[in-house]
Amino acid sequence: MKFNVSSTKLFAQLQALSRVIASKNSLAILEDVLFDLNGQVLTMTASDGETTIRTALDVENAEGNGKVAFGAKLMLETLKEFPEQPLSFQIDDQNYSLNITSSNGTYSFVGQNGNEYPEMVVEDEQNNTFTMGADVLLNAINKTIFCTADDELRPVMNGIYFDLQNDHITMVATDAHRLVRYSNSSIHADQPLSFILPKKPAILLKNVLSKEAEDVVVTFGARNAKFEFGRTLIVCRQIEGRFPNYNAVIPQNNQNKVVIDRMTLINACKRVAVFANTGTSLLKLALSENQLTISAQDIDFSTSAEETVACSYAATPMAIGFKAPFLIEILGQIESDEVMLELSDPARAGLILPVENKEEEDVLMLLMPMLLND
């Protein structure tokens with residue numbers, strides 16, 4: 001087999017594919033990328049055994065068809081040093097050796113029989129399908145993925161929950177300290193459906209969707225989920241289990257509501273958080289009429305800080321504690337210029353909402369409080 005291909009286009013594709021390859025694999029061939037040449041199209045596949053990504057690239061002057069697998073790391077290390085130029089690939093069908101010829105050099109690899117590469121997971125018999133815009137899926141993943149957990153005892157918390165209803169889709173992530181609920185009314189389903197997308201394929205989608213403007217066709221059954229867009233296909237094993245009833249933990253009828261400029265609050269929190277105890281990272285937020293006082297202290301080092309910012313608040317004065325990194329990260333994921341904090345009492349979760357949502361979107365973020373010493 002032989003073909004010519006752009007060095008930068010091939011490198012970009014391989015870089016996206018390589019993110020799925022695990023550092024330790026049950027099969028040595030899973031450290032490779034599978035090349036499948038068919039006519040003038042080169043299809044490339046990478047997998048870790050549970051998540052598989054496949055993409056295609058047009059090549060020129062192709063001769064022959066076949067499959068061969070090459071080590072992803074060595075291929076990437078070689079290609080990343082090339083400026084944009086056509087590369088000539090020549091593969092021996094008998095011993096799977098590869099010669100890459102550039103404008104001023106030749107590079108040799110030894111591959112493996114591509115027919116030994118594991119097949120992509122078989123489709124489930126009962127499949128459900130829906131379509132969503134690539135921008136919608138990317139935005140939803142960006143809004144939720146930071147709240148996924150790394151909990152071996154509760155694996156259902158280690159992914160993003162897709163909850164489809166007749167008139168909207170809701171995507172939820174939580175690590176038991178924080179929760180994000182993202183809803184979009186542009187996605188519809190004929191009947192209620194749900195599945196849990198693991199964190200790793202979600203990160204893969206986040207990395208490749210940024211370059212896509214097409215719709216994403218999502219297909220899922222009892223065990224697997226498939227995302228297809230453009231010339232890219234991602235198939236993964238779902239997380240099995242029942243996701244927690246997220247609506248039950250969202251407090252209702254919060255009587256204390258404060259509206260504040262988002263960047264003002266973020267910057268104040270960042271400055272004051274420097275003085276928080278390194279073990280707890282506790283920030284105290286004290287609300288009084290039209291002002292919010294943010295304070296922190298570290299008794300061990302006799303340091304403290306306090307800052308007061310203007311806000312819109314007319315309810316009963318109250319104080320509540322939050323973990324600084326969690327609060328700052330949540331505020332950073334909201335795009336609205338102003339945010340609303342809905343609070344009930346210092347022992348119950350606080351809600352952080354954008355004052356203005358994008359069209360057809362609804363975003364809610366929840367943060368559990370920390371116990372105040374005073």
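Shown here for Thr131 and Asp215, the closest heavy-atom pair between the two residues is CG2-CB, 3.6 Å. Closest non-hydrogen pair, Gln85 versus Phe82, comes out as NE2-CD2, 3.6 Å. Shown here for Lys199 and Ala149, the closest heavy-atom pair between the two residues is NZ-O, 3.5 Å. Taking every heavy atom of both residues into account, Glu84 and Ser7 meet most closely at CA-OG, 3.5 Å. Closest non-hydrogen pair, Ala46 versus Ile21, comes out as CB-CG1, 4.2 Å. Smallest separation of non-hydrogen atoms from Ala134 and Glu214: CB-O, 2.9 Å.
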Handout entry: Stepwise side chain to side chain contact (heavy atoms under 4.5 Å, CB included) test for Asn61 and Phe3
Key = CA-CA 5 Å; Asn61 304 320; Phe3 57 88; over 6 Å; no
Exercise for the section: Test salt bridge (Lys or Arg N to Asp or Glu O under 4.0 Å) on Asp48 and Lys200 and set out the steps. Expected result: CA-CA 10 Å; Asp48 65 357; Lys200 184 171 182 177; 2.9 Å; yes
Practice task
May I have the step-by-step check of salt bridge (Lys or Arg N to Asp or Glu O under 4.0 Å) for Asp58 and Arg231, ending in yes or no?
Solution key: CA-CA 11 Å; Asp58 291 327; Arg231 305 178 78 175; 3.1 Å; yes
Problem - Worked check of side chain to side chain contact (heavy atoms under 4.5 Å, CB included) between Asn357 and Val363 - result: CA-CA 7 Å; Asn357 280 298; Val363 179; 3.8 Å; yes
Practice task
Run the numbers on Leu351 and Leu364 for side chain to side chain contact (heavy atoms under 4.5 Å, CB included), then give the verdict.
Solution key: CA-CA 7 Å; Leu351 301 184; Leu364 176 147; 4.1 Å; yes
Practice task
Determine, stepwise, if the pair Phe243 / Phe162 fulfils ring-ring contact (aromatic ring centres under 6.0 Å, His included).
Solution key: CA-CA 10 Å; Phe243 196 80; Phe162 283 63; over 10 Å; no
Practice task
Apply the test side chain to side chain contact (heavy atoms under 4.5 Å, CB included) to residues Asp135 and Leu209: give CA-CA distance (whole Å), side-chain angles for both, the deciding distance (0.1 Å), then the verdict.
Solution key: CA-CA 8 Å; Asp135 57 334; Leu209 281 171; over 6 Å; no
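Glu335 and Lys143 are joined by a salt bridge, as a carboxylate oxygen and a charged side-chain nitrogen come within less than 4.0 angstrom of each other. Electrostatic pairing of Glu31 and Lys73 does not count as a salt bridge here, judged by no charged N lying under 4.0 Å from a carboxylate O. Note on Arg178 versus Glu329: salt bridge recorded, some NZ/NE/NH1/NH2 to OD/OE distance being below 4.0 Å. Salt bridge absent: Arg54 and Asp36 never bring a charged side-chain N and a carboxylate O closer than 4.0 Å.
Residues Thr174 and Val180 fail the side-chain proximity criterion, which asks for heavy atoms closer than 4.5 Å. Contact of the Leu353 side chain with the Glu342 side chain is registered, since non-hydrogen atoms from C-beta on lie closer than 4.5 Å. Side-chain contact between Pro118 and Leu27 is present, with heavy atoms from C-beta onward closer than 4.5 Å. Asp150 has its side chain out of reach of Asp175: every pair of non-hydrogen atoms, C-beta onward, lies at least 4.5 Å apart. Contact check for Phe109 versus Ser97: no side-chain heavy atoms found under the 4.5 Å cut-off. A heavy-atom distance below 4.5 Å is found between the side chains of Met318 and Pro346. Side-chain contact between Leu179 and Val249 is present, with heavy atoms from C-beta onward closer than 4.5 Å. Proximity of Met263 to Asp337: side-chain heavy atoms (C-beta onward) are nowhere separated by under 4.5 Å.
Paired with Phe70 under the rule ring pair (Phe, Tyr, Trp, His ring centres under 6.0 Å), one option of Phe35, Tyr96, Tyr117 passes, and it is Phe35. With Ile320 as the fixed residue, the side chain to side chain contact (heavy atoms under 4.5 Å, CB included) test singles out one of Leu341, Asp345, Leu343: Leu343.
Aromatic ring pairs are classed by plane angle as parallel below 30°, tilted from 30° to 60° and perpendicular above 60°; the pair Phe220 and Phe130 is perpendicular.
Judged by distance alone, with hydrogens and angles left aside, the side-chain atoms of Gln252 form a donor-acceptor pair with the main-chain N or O of Ile250 at under 3.5 Å. The backbone N or O of Val136 lies less than 3.5 Å from no partner atom in the side chain of Asn139, so there is not a single donor-acceptor pair. Judged by distance alone, the side chain of Asn256 and the main-chain N or O of Ala315 form no donor-acceptor pair under 3.5 Å. With hydrogens and angles ignored, the 3.5 Å screen pairs a side-chain donor or acceptor of Asn290 with a backbone N or O of Tyr313. In terms of modelled atom types and a separation under 3.5 Å, the side chain of Asn158 and the main chain of Asp151 share a donor-acceptor contact. Distance alone, capped at 3.5 Å, is enough to place a donor-acceptor pair between the Arg262 side chain and the Ser336 backbone. Between the side chain of Asn65 and the backbone N or O of Gly39 there is at least one donor-acceptor pair closer than 3.5 Å. Between the side chain of Glu361 and the backbone N or O of Ser185, no donor-acceptor pair lies under 3.5 Å. Judged by distance alone, the side chain of Asn254 and the main-chain N or O of Pro251 form a donor-acceptor pair under 3.5 Å.
Looking only at atom types and distance, the side chain of Ser47 has a donor-acceptor partner in the side chain of Thr52 under 3.5 Å away. Checked by atom type, the side-chain pair Thr308/Gln291 shows no donor-acceptor distance below 3.5 Å. Counted by atom type alone, Tyr246 and Asp163 present one or more donor-acceptor pairs between their side chains at under 3.5 Å. Using modelled atom types, one finds a donor on one side chain and an acceptor on the other under 3.5 Å when comparing Gln112 with Asp32.
The CD1 atom of Ile239 lies 9.5 Å from the CD1 atom of Ile160; values are rounded to the nearest 0.5 Å. Atoms CZ and CE, on Arg181 and Met365 in that order, are 11.5 Å from each other to the nearest 0.5 Å. A distance of 10.0 Å separates CZ in Phe322 from SG in Cys269, rounded to the nearest 0.5 Å.
Remark: Glu289 CD is loosely packed, at most 12 non-hydrogen atoms of other residues, nucleotides or ligands lying under 6.0 Å away. More than 12 heavy atoms of other residues, nucleotides or ligands sit less than 6.0 Å from atom CD of Gln40. Summarising the local packing, CG of Asn166 is surrounded by more than 12 heavy atoms from other residues, nucleotides or ligands at distances under 6.0 Å.
Among residues two or more places apart in sequence or in another chain, the side chain to side chain donor-acceptor pair (under 3.5 Å) test is passed with Thr43 by none.
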